[in-house]
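Just so it is clear, the model here is predicted, and its values are computed rather than measured.
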Amino acid sequence: MTTEQIILIVLGAALAAAVATLIVTVCKYRALRRRENAQRTHAQEVIVRDGERYSVSPEIARAGEVNVSHAEGDFVLAAGKTYRARKGGELLPGTYTVLASSDAAHTFKLRVGGFVRNFSHGDVLVLKDGEEICAVGGSAILR
């Protein structure tokens with residue numbers, strides 16, 4: 001074996017080790033982020049720019065229990081009434097944290113874009129411009 005071949009083999013092994021370390025680090029970082037998001041107990045704060053909502057954080061859980069509160073800027077979805085998200089409208093398009101309107105109900109159903117889905121207290125919902133939403137069976141709060 002020549003000196004050049006030995007150097008290339010050593011450099012290749014070092015590069016492979018660096019790539020493996022990078023992959024392991026990225027995987028651990030993603031797992032940590034997922035775990036943090038799952039344990040989050042705050043709704044996102046809301047900033048409105050150009051008629052759209054951007055989330056930036058009021059409490060949605062207190063001591064592990066559902067905390068139902070209505071803060072300024074929250075949108076209450078009345079049961080059975082359909083709302084449409086529009087720029088400059090009553091309900092703005094953007095990211096919302098969906099909250100139960102009752103301490104007793106931790107899950108509820110919403111019709112979003114024509115499909116009924118189950119939501120839990122604290123789930124995140126993104127409404128596009130022109131998308132319709134309706135609370136099915138009981139009211140809910142969008143924060």
ask   = Can you tell me how far CG of L92 sits from CG of L127, rounded to the nearest 0.5 angstrom?
value = 10.0 Å
task = Under the side-chain contact (heavy atoms from CB on, under 4.5 Å) rule, what do L142 and V98 come out as? Steps first, then yes or no, please.
result = CA-CA 5 Å; L142 298 179; V98 184; 3.9 Å; yes
message = I'd like to check Y96 versus L77 (side-chain heavy atoms, cut-off strictly below 4.5 Å). Are they in contact?
response = no
4.5 Å side-chain heavy-atom contact, P93 and K87 = yes
Closest approach of G130 to R84 (non-hydrogen atoms, all atoms of both residues) = O-NH1, 2.8 Å
task = Quickly, which of V26, T25, V19 forms a side chain to side chain contact (heavy atoms under 4.5 Å, CB included) with I23? Name it, please.
result = V19
task = Measure the shortest side-chain to side-chain distance between L15 and L11 over non-hydrogen atoms and say whether it is less than 4.5 angstrom.
result = no
message = To check you understand the geometry: which heavy-atom pair defines the closest contact between G80 and C134, and what is its length?
response = C-SG, 3.7 Å
query = Once you round to the nearest 0.5 Å, how far does CG of L99 lie from CZ of F108?
reply = 7.0 Å
task = Check for a donor-acceptor pair, side chain of R111 on one end and backbone N or O of V116 on the other, with a separation under 3.5 Å.
result = no
inquiry  = Looking at every non-hydrogen atom in both residues, tell me the closest pair between Y83 and L91 and how far apart they are.
reply    = CB-CD2, 3.9 Å
ask   = Do F75 and V136 belong to the same hydrophobic cluster, where Ile, Leu, Val, Met, Phe, Trp and Tyr are linked whenever their side-chain heavy atoms lie under 4.5 Å apart, directly or via other members?
value = no
task = Check A140 against A135 and note the closest heavy-atom contact, atom names and distance.
result = N-CB, 4.4 Å
Value rounded to 0.5 Å, distance of CG in L125 from CZ in R143 = 14.5 Å
query = CZ of R86 to CD of E132: how many Å apart, nearest 0.5 Å?
reply = 8.5 Å
